[in-house]
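The block underneath contains the structure these notes are about, expressed in structure tokens.
In the text below, chain A, chain B and the rest are named by the order of the sequence lines, each starting its count at 1. The figures that follow rest on heavy atoms only: side chains count, while hydrogens, waters and symmetry mates do not. What you see is a predicted model, and the numbers here were worked out from it, not measured in a lab.
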2 protein chains.
Amino acid sequence: MVMKSEIQVFREYIRGRRLRRTPEREQILQEIFEIHGHFDVDELHLKLRDKGSKVSKASIYRALPLFMDCGLVREVDFSDGHWHYEHIYGHARHSHLRCLGCGEVLEFEEPGMGRLEAHLAREYGYRIKGHQLQVQGLCATCQEAE
Amino acid sequence: MVMKSEIQVFREYIRGRRLRRTPEREQILQEIFEIHGHFDVDELHLKLRDKGSKVSKASIYRALPLFMDCGLVREVDFSDGHWHYEHIYGHARHSHLRCLGCGEVLEFEEPGMGRLEAHLAREYGYRIKGHQLQVQGLCATCQEAE
DNA sequence: AGTATTATTGTAATTGATTCTCAATTACAT
DNA sequence: ATGTAATTGAGAATCAATTACAATAATACT
Ligand SMILES: [Mn+2]
Ligand SMILES: [Mn+2]
Ligand SMILES: [Zn+2]
Ligand SMILES: [Zn+2]
């Protein structure tokens, strides 16, 4: 009962649709799962370059929606003008606490979100697809520096 | 013990800083508080035009951060490529439940968020400044249409 | 294996929201 | 009234993200 690898998940997603398995997509996916933490398109592109890959940014922009669609990756909103991402396959669902001073990002579990979603579904007749929760504040260090 | 008007709040904010009270800013603010619901910069600009105002988009973009800074307005994230806004002065704090099919937006109170913020403050030593919570799903109508 | 079909790629151009520059205007203090 | 410095509108600049296009390459089908 071992978990499928992310590559397996992606290949199964590719198959059955009219999509094609390409080295570019698999390089990008592999890199994403080697990154520990959050990244943006530029960072991902640089890391791929560093490893000798020649994938273009356009291909990254085209691949990300696929990864999100099959539940391997999700967008993360830091409200700084562009999207960030993280791989989520095999990770517990969590939210982000970000320091407005230094940009540090902590992850925390969201107790009560399941209950909230159930409540919303019942109350408004919605079928809930997901949610995002971000919290901002000042870390201890940045509080002193004030 | 009547509540101050939004214009009063803004004028008090202006005073004391090196800012100036201008008709453009007050027109924009007035329009924002006449809008029931959420809006984006384009919509706001059009409504102002319709009423004969000549304020430029640049001025709107420059005024919004002021309104947010004094707690009259806040950004709303619908993840559709640009920011939306809403006036919050005199309104209960709430989050948004949005239908991925038709775009309908419902507002709901967030029980438990105060407790969560207190928990995060204690657990990580943060001084919490705020949070955003968005929930997505399919409304009853859009579920049938599937 | 060879061929046809069509998805995918990289490059460069384009889009669209937001920010910035700059000269002209205007609010406010003296 | 006058000086000052903030604010304005217009348009240029920026920058993340999307798109057009011609070349390439993955799959399906002989
Ligand atoms: Mn995370
Ligand atoms: Mn709202
Ligand atoms: Zn910090
Ligand atoms: Zn709907």
Side-chain angles (χ1 to χ4, degrees), chain A residues 7 10-32 38-49 51-70 73-86, chain B residues 7 10-32 38-70 73-85:
Chain A
I7 289 284
F10 185 60
R11 286 179 183 167
E12 287 177 18
Y13 169 83
I14 286 291
R15 189 185 324 137
R17 318 199 176 215
R18 317 199 150 175
L19 301 178
R20 290 178 185 177
R21 178 176 154 183
T22 71
E24 288 82 0
R25 286 172 174 167
E26 302 205 341
Q27 278 170 33
I28 296 169
L29 184 59
Q30 183 184 346
E31 187 57 40
I32 286 175
H38 311 97
F39 62 91
D40 61 26
V41 169
D42 263 324
E43 290 163 2
L44 178 56
H45 187 233
L46 282 178
K47 293 215 171 160
L48 282 161
R49 289 244 110 121
K51 299 202 175 165
S53 169
K54 296 214 165 47
V55 262
S56 68
K57 268 192 204 174
S59 290
I60 295 176
Y61 276 114
R62 288 186 278 231
L64 284 170
L66 304 179
F67 302 150
M68 292 193 277
D69 197 38
C70 57
V73 168
R74 75 166 171 181
E75 293 171 330
V76 177
D77 175 23
F78 291 151
S79 299
D80 66 344
H82 64 277
W83 286 108
H84 295 245
Y85 301 86
E86 67 181 346
Chain B
I7 289 284
F10 185 59
R11 287 179 182 168
E12 287 177 18
Y13 170 83
I14 287 291
R15 189 186 323 139
R17 316 200 178 216
R18 317 200 151 176
L19 301 179
R20 291 179 184 174
R21 179 176 154 184
T22 72
E24 288 81 2
R25 287 173 173 165
E26 301 205 342
Q27 277 170 33
I28 296 169
L29 184 58
Q30 184 184 344
E31 188 56 42
I32 287 176
H38 312 96
F39 62 92
D40 60 26
V41 169
D42 263 323
E43 290 163 2
L44 179 55
H45 187 231
L46 282 178
K47 293 215 170 162
L48 282 161
R49 291 244 108 123
D50 287 349
K51 300 203 175 167
S53 170
K54 296 214 165 47
V55 264
S56 68
K57 268 192 204 175
S59 290
I60 295 176
Y61 276 113
R62 288 186 279 230
L64 283 169
L66 303 179
F67 302 151
M68 292 194 277
D69 197 38
C70 57
V73 168
R74 75 166 171 180
E75 294 171 329
V76 177
D77 175 22
F78 291 152
S79 298
D80 66 344
H82 64 276
W83 285 109
H84 295 245
Y85 302 85

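Whole-Å rounding puts the Lys54(A) NZ to dT11(C) C1' distance at 15 Å. Look at CG on Leu64(A): it is 15 Å from P on dT8(C), rounded to the nearest Å. One can place CD1 of Ile28(B) at 12 Å from P of dT7(D), the figure rounded to the nearest angstrom. In this structure, the CZ atom of Arg18(A) is 8 Å from the P atom of dT6(C), given to the nearest Å. Note: NE2 (His45(B)) to P (dA17(C)) measures 13 Å, nearest angstrom. Met68(B) has its CE atom 12 Å from the C1' atom of dT18(C), to the nearest Å. For the pair Leu66(B) CG and dT8(D) C1', the interatomic distance rounds to 14 Å; values are reported in whole Å. Between the P atom of dT7(D) and the CD atom of Glu26(B) lies a distance of 13 Å, rounded to the nearest Å.
In this structure the side chain of Trp83(B) reaches within 4.5 angstrom of the side chain of Asp77(B), judged on heavy atoms.
Applying a 4.0 Å cut-off to non-hydrogen atoms, none of the residues of residues 74-85 of chain B approaches DNA chain D.
A donor-acceptor pair under 3.5 Å links the side-chain atoms of His45(B) to the main chain of Val55(B), judged by distance alone. Of the possible polar contacts, one joining the Glu43(A) side chain to the Asp40(A) backbone as a donor-acceptor pair under 3.5 Å is found. No donor-acceptor distance shorter than 3.5 angstrom exists from the side chain of Glu31(B) to the backbone of Ile28(B), with no hydrogens or angles considered.
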For nucleotides 24-30 of chain D, give me one character per nucleotide, 5' to 3': B if any protein heavy atom sits under 4.0 Å from the base, S if the only such contacts are to the sugar-phosphate, - if neither. -BBS---
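Scanning for salt bridge (Lys or Arg N to Asp or Glu O under 4.0 Å) contacts around Arg20(A) gives an empty result, with sequence neighbours left out.
Relative ring orientation between His38(A) and Phe78(A) is described as perpendicular, the plane-to-plane angle rising above 60° on a 0-90° scale split at 30° and 60°. A perpendicular orientation is assigned to the rings of Phe10(A) and Phe67(A), their planes being inclined by more than 60° (bins at 30° and 60°).
Residue Ala58(B) places its side chain closer to dG11(D) than to any other of dA17(C), dG11(D), dT8(D).
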Ile14(B) and Arg25(B): side chain to side chain contact (heavy atoms under 4.5 Å, CB included), yes or no, with the steps? CA-CA 11 Å; Ile14(B) 287 291; Arg25(B) 287 173 173 165; 4.1 Å; yes
Let me see the working for Asp69(A) and Arg17(A) under side chain to side chain contact (heavy atoms under 4.5 Å, CB included), right down to the final yes or no. CA-CA 13 Å; Asp69(A) 197 38; Arg17(A) 318 199 176 215; 3.8 Å; yes
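Lys57(B) comes within 4.0 angstrom of no nucleic acid atom, judged by non-hydrogen atoms across all strands. Counting any heavy atom pair closer than 4.0 Å across all strands shown, Arg62(A) reaches a base atom.
For the OP1/OP2 pair of dT19(C) and a distance below 4.0 Å, the side-chain nitrogens and oxygens of Tyr61(B) include no atom meeting the criterion. Between Arg25(B) and the phosphate of dT7(D), there is a side-chain N or O to OP1/OP2 separation shorter than 4.0 Å.
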